[in-house]
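Atoms considered below: every heavy atom in the structure, side chains included; atoms not considered: hydrogens, waters and symmetry mates. Just so you know, ligand 1 is whichever comes first in the structure, and atom 1 is the first atom listed for that ligand.
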Amino acid sequence: MADYDLVVRGGEVATGFGTARCDIGIRGGRIAALAESIADGSPVLEAGGLLVLPGGIDSHCHIEEPARGGYVGSGAGAAVTVNEESFASASTSAFAGGTTSVVCFVPQWKGEGILPRLADYEQRAARGMLDYSFHQIITDPTEEVLEREVPQIVAKGIRSLKVFLTYEPLHLSDEEYIKVLVTARRNGCLVTVHCENYAAIKWRTEALIAAGLTAPKYHAWSRPSIVEREATHRAIALAELVDQPIQVFHVSCEEAAEEIARAQARGLKVWGETCPQYLTLTADDMDRPGFDGAAFMCSPSPRTTAEHAKVWEMIRRGTLDIVTSDHCGFSMAGEQGKAASGRDAPFRDIPNGIPGLAARLPILFSEGVSKGRISLDHFVRLTATNPARLMGLAPRKGMIAVGADADLALWDPRKKVTLTNALMQHAIDYTPYEGLEVTGWPVATVRRGAVVMRDGVVQAEPGTGQFLPRGPYDMVRPRGVLANGFDAASAPG
Ligand code: URP
Ligand code: ZN
């Protein structure tokens, strides 16, 4: 009699803490058995000669995010714009690249509360095939939002608040950032932070534009690593003062990573994320003729090949323990994407962000594991186990263990592929990684026991993705270490 809905047979199963050749028995969408051999007549997915990895978790993705007045950098249009990447297209792209879960962003529009946007975003996300959770962006931390609305979203299972220390009109002042930290501490949330100094970037941007230096490559000049280092330092210092755990998003350089390393050495609950663009792209990529450099424009800006080596070292040391895509795609053609303010627009008016959902795992595997920079176990931890733990999704997600969701990527570690936009299967008209050669490629993706991708063909019903509610979890518990022993966050008033 068949005991399982599916058996993944004969693969080298990578747990993040060692590998074993075993079969995986799946029942009801979950892993029900790990055994040397399961031969009971259940349907089989052959994995001989392949690695079996936990499905990737991309805990930083911008998908179908509605913006009022255009995206950051896209000028001051009045209309509401929605990312070209829908939850359905993002799901296809994610499955093509071996990713099965994402954490994406519910926007807050200044002058509004957070609940109206959440209601809209829940409906959008429910149309996809990926499993998903949300970070709640806070751009306008009014008393109503912090005291009354945040507890309501926490009750729904949203456990991370995202803040920007730069960007017009999203950035928070120090006072506002402290208020968000306090609210997160009271409600058991993680705070995730975009660390760049708003005033410094504004000052340099105005000076560059006044000097006629407006081409895409000057985006990098507007935000050298010092602005990232300063904001990282400040974000950490204020989080320490409030005694609130934070994750620093998209660390692009050693200077900023060193701030995180120092905080970790002092025992603070501070984590650092980086992305493939900070391991493969450089500021020189933005120095292409005309508008072409816009294809590589994201914030922080891509840096140098020398910096890539330093970021790898920070990954190896564990300072940076999660690699996400920061997928945020804008097409190069048309009037909705990178050219929203025209193809002659100064860099300040070009939307920030690049697509990377499908490319994340192949690039990190190839540049990391295939080139001998990190072990296979380390790769699994960076892309699945660690994001699951930090986001409060473990043990349901991020591991191959009995009881966990059966989310798997069957991986051919020897397959050589040249990245093209068609392979990304996203809604964006380019990939910044076009032509990059990778060794290692996903040949099948399984989401909660369903084979949703095989040999590049994605098959999944829209609407089958599940929301992943997050309860209280240990990683975000404050340390209880307070300046002068005074708990200002809990004081009355
Ligand atoms: O340039 C980027 N990273 N765009 C996405 C929004 C953000 O800053 O995370
Ligand atoms: Zn982002």
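- Ring to ring, Phe249 and Phe164 are not that close: their centroids are 6.0 angstrom or more apart.
- The residue from Gln466, Arg159, Arg470, Lys397 that alone fulfils the side chain to side chain donor-acceptor pair (under 3.5 Å) condition with Ser133 is Arg470.
- Among heteroatoms of the N, O or S kind in His60, NE2 lies nearest the Zn ion (ligand 2).
- Only the side chain of Asp326 comes within 4.0 Å of ligand 1, judged by heavy-atom distances.
- Salt bridge present: Glu367 and Arg373 bring a charged side-chain N and a carboxylate O closer than 4.0 Å.
- Atom numbering of ligand 1 starts at 1 in the shown order; those under 4.0 Å from a heavy atom of His250 are 8 (O), 9 (O).
- Salt-bridge check for Lys179 with Glu176: failed, with every basic side-chain N at 4.0 Å or more from each acidic carboxylate O.
- Contacts with ligand 1 closer than 4.0 Å are made by heavy atoms of both the backbone and the side chain of Cys298.
- With ligand atoms numbered from 1 in the order given, ligand 1 contributes 1 (O), 2 (C), 4 (N) to contacts under 4.0 Å with heavy atoms of Gly353.
- Regarding atom 4 (N) of ligand 1, its nearest protein heavy-atom neighbour is Asn352 O, 3.3 Å.
- Vertex the Zn ion (ligand 2); arms to His62 NE2 and Asp326 OD1; angle rounded to 10 degrees, 100°.
- With 3.5 Å as the limit, one finds a donor-acceptor pair spanning the side chains of Ser299 and Asn352.
- Contact annotation: Phe249 has no heavy atom less than 4.0 Å from any atom of ligand 1.
- The existence of a salt bridge linking Arg262 and Glu258 is excluded, since no basic side-chain nitrogen approaches an acidic carboxylate oxygen closer than 4.0 Å.
- Here the protein heavy atom with the shortest distance to atom 1 (O) of ligand 1 is Ser299 N, 2.7 Å.
- At most 12 non-hydrogen atoms from other residues, nucleotides or ligands lie less than 6.0 angstrom from CZ of Arg389.
- Taking every heavy atom of His62 and a limit of under 4.0 angstrom, the matching atoms of ligand 1 come to 5 (C), 6 (C), 7 (C), 9 (O).
- Cation-pi contact between Lys162 and Phe105: present, with separation from the ring centre below 6.0 Å and deviation from the ring axis of at most 45°.
- Tyr167 OH, 2.8 Å is the protein heavy atom nearest to atom 8 (O) of ligand 1.
- Not a single heavy atom of Met297 sits under 4.0 Å from any atom of ligand 1.
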